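Have a look at the structure below, then the notes.
We use all heavy atoms of the structure for the numbers below, so side chains are in, but hydrogens, waters and symmetry mates are not. Computed from a predicted model, the values in this text were never measured in an experiment. All residue numbers in this chain count up from 1 along the given sequence.
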Amino acid sequence: MNSSANTKERILTAAEALFAQRGFEGASLRQLTAAAGVNLAAVNYHFGSKDNLVEEVFKRRLDQLNARRMAALRQIAGLAETSLEDVLGAFIRPALDLSHDGGGGLFMRVLARAFAEHDDSLRKFLSDNYGHVMRQFTAEFARLLPDLSKEELYWRIDLVTGALTHAMSGFGIIQRKSDVSEVTHREQTAAHLIRFAAAGLSAP
């Protein structure tokens with residue numbers, strides 16, 4: 001990684017940590033430059049504005065996450081043998097992988113703040129750039145759950161997404177035991193969440 005790319009990555013990492021801790025409004029550029037060990041000119045050079053920086057923090061994680069989700073979904077979408085659990089696995093497992101991969105859990109706290117702080121411009125950015133992913137998953141859920149109304153399906157998917165965000169953020173009361181590996185704990189989390197979500201989505 002060249003010096004410029006390394007500086008940009010350092011800024012993004014520092015911004016992610018600050019946004020998780022202080023929120024988007026609460027994290028100042030002065031705090032960011034101090035945490036990243038750069039000057040304000042470097043932030044302006046790489047991002048132009050704080051709003052652009054916020055968006056790049058999301059793109060760094062979500063581009064990769066949603067590419068993995070879509071690749072998994074393409075392998076099973078529309079097939080007669082595809083189950084609800086298969087589609088949930090394509091949605092949930094890449095997200096849990098992210099949450100345990102190089103600061104992904106911290107990023108999920110940033111994502112939770114995006115919705116908790118009711119930032120309309122950020123929500124629009126997320127919808128414009130990643131809404132197509134949810135639409136394609138929703139279409140597959142609708143195919144497998146034809147008796148659910150669109151409104152009911154949306155409610156249930158929203159609740160499943162909330163449960164996933166909670167699991168990814170590491171806020172849960174069930175923590176990994178010392179004698180359980182990270183990989184095993186992640187798979188246990190995925191299995192429980194998939195069963196829970198499938199039951200909720202398919203309930204009468």
Side-chain angles (χ1 to χ4, degrees), residues 5 7-36 38-70 73 90-139 141 150-151 153-172 193 197:
T7 298
K8 182 176 181 179
E9 187 69 15
R10 199 162 71 246
I11 294 169
L12 287 170
T13 298
E16 185 176 75
L18 276 172
F19 294 153
Q21 180 183 11
R22 300 177 180 272
F24 305 108
E25 293 297 325
S28 69
L29 288 177
R30 176 176 292 183
Q31 291 167 336
L32 172 61
T33 54
V38 300
N39 55 35
L40 185 59
V43 177
N44 290 332
Y45 171 77
H46 286 288
F47 303 102
S49 69
K50 186 178 178 181
D51 286 344
N52 288 342
L53 171 60
V54 171
E55 291 179 0
E56 285 297 318
V57 167
F58 282 91
K59 284 179 64 67
R60 181 172 71 148
R61 302 291 188 184
L62 293 181
D63 282 0
Q64 181 184 52
L65 167 60
N66 286 303
R68 291 179 179 177
R69 279 175 161 169
M70 292 306 299
L73 183 63
F91 184 69
I92 288 171
R93 283 197 165 89
L96 289 177
D97 289 344
L98 168 67
S99 71
H100 291 87
D101 180 21
L106 194 64
F107 170 73
M108 292 315 300
R109 302 184 187 197
V110 177
L111 185 59
R113 279 191 177 274
F115 293 97
E117 294 186 9
H118 303 291
D119 187 321
D120 289 338
S121 63
L122 182 53
R123 287 190 181 195
K124 184 178 186 304
F125 165 78
L126 294 172
S127 177
D128 289 348
N129 287 272
Y130 306 107
H132 68 283
V133 176
M134 284 306 304
R135 286 192 292 272
Q136 292 190 54
F137 271 94
T138 299
F141 286 133
K150 180 183 289 188
E151 181 180 4
L153 179 61
Y154 284 179
W155 270 106
R156 296 184 187 195
I157 291 173
D158 192 50
L159 293 171
V160 168
T161 302
L164 173 59
T165 302
H166 178 78
M168 294 173 68
S169 300
F171 290 139
L193 185 52

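The side-chain contact (heavy atoms from CB on, under 4.5 Å) check on R60 picks up E9, L12, T13, E16, with sequence neighbours excluded.
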(request) Check the pair L164, V160 against side-chain contact (heavy atoms from CB on, under 4.5 Å), reporting the backbone distance first and the verdict last. (result) CA-CA 6 Å; L164 173 59; V160 168; 5.5 Å; no
(message) If you apply the rule side-chain contact (heavy atoms from CB on, under 4.5 Å), what do you find for K8 with F47, and how did you get there?
(response) CA-CA 9 Å; K8 182 176 181 179; F47 303 102; 3.6 Å; yes
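Minimum heavy-atom separation, A20 to R109: CB-CB, 4.2 Å. Between V38 and A42 the shortest heavy-atom distance is CB-CB, 4.0 Å. When all heavy atoms are compared, the tightest approach of A15 to V57 is CB-CG2, 3.9 Å. Taking both residues in full, the closest heavy atoms of L73 and A90 are given as N-CB, 4.1 Å, listed atom of the first, atom of the second, then distance. Minimum interatomic distance between H46 and I11 (heavy atoms only, all atoms of both residues): CD2-CD1, 4.2 Å. Residues F24 and R113 come closest through the heavy atom pair CE1-C, 3.9 Å.
Atom-to-atom distance recorded for L29:CG and N44:CG is 7.5 Å, nearest 0.5 angstrom. Here CG of L62 is found 9.0 Å from CG of N129. Values are rounded to the nearest 0.5 Å. Rounding to the nearest 0.5 Å gives a distance of 11.5 Å between OG of S127 and CG of D120. N66 CG to M70 CE: the interatomic distance, rounded to the nearest 0.5 Å, is 8.5 Å. Taking OH of Y130 as the reference point, atom CZ of F125 lies at 4.5 Å (rounded to 0.5 Å). In this structure, CD1 in I92 is found 8.5 Å from CZ in R69, a value given to the nearest 0.5 Å.
Using a 4.5 Å heavy-atom cutoff, the side chains of V110 and F58 are in contact. When side chains are defined from C-beta on, R10 counts as touching T7, because their heavy atoms get closer than 4.5 Å. Taking 4.5 Å as the limit, some side-chain heavy atom of L32 sits within range of a side-chain heavy atom of L53. Between F91 and M134 the shortest side-chain heavy-atom distance falls below 4.5 Å.
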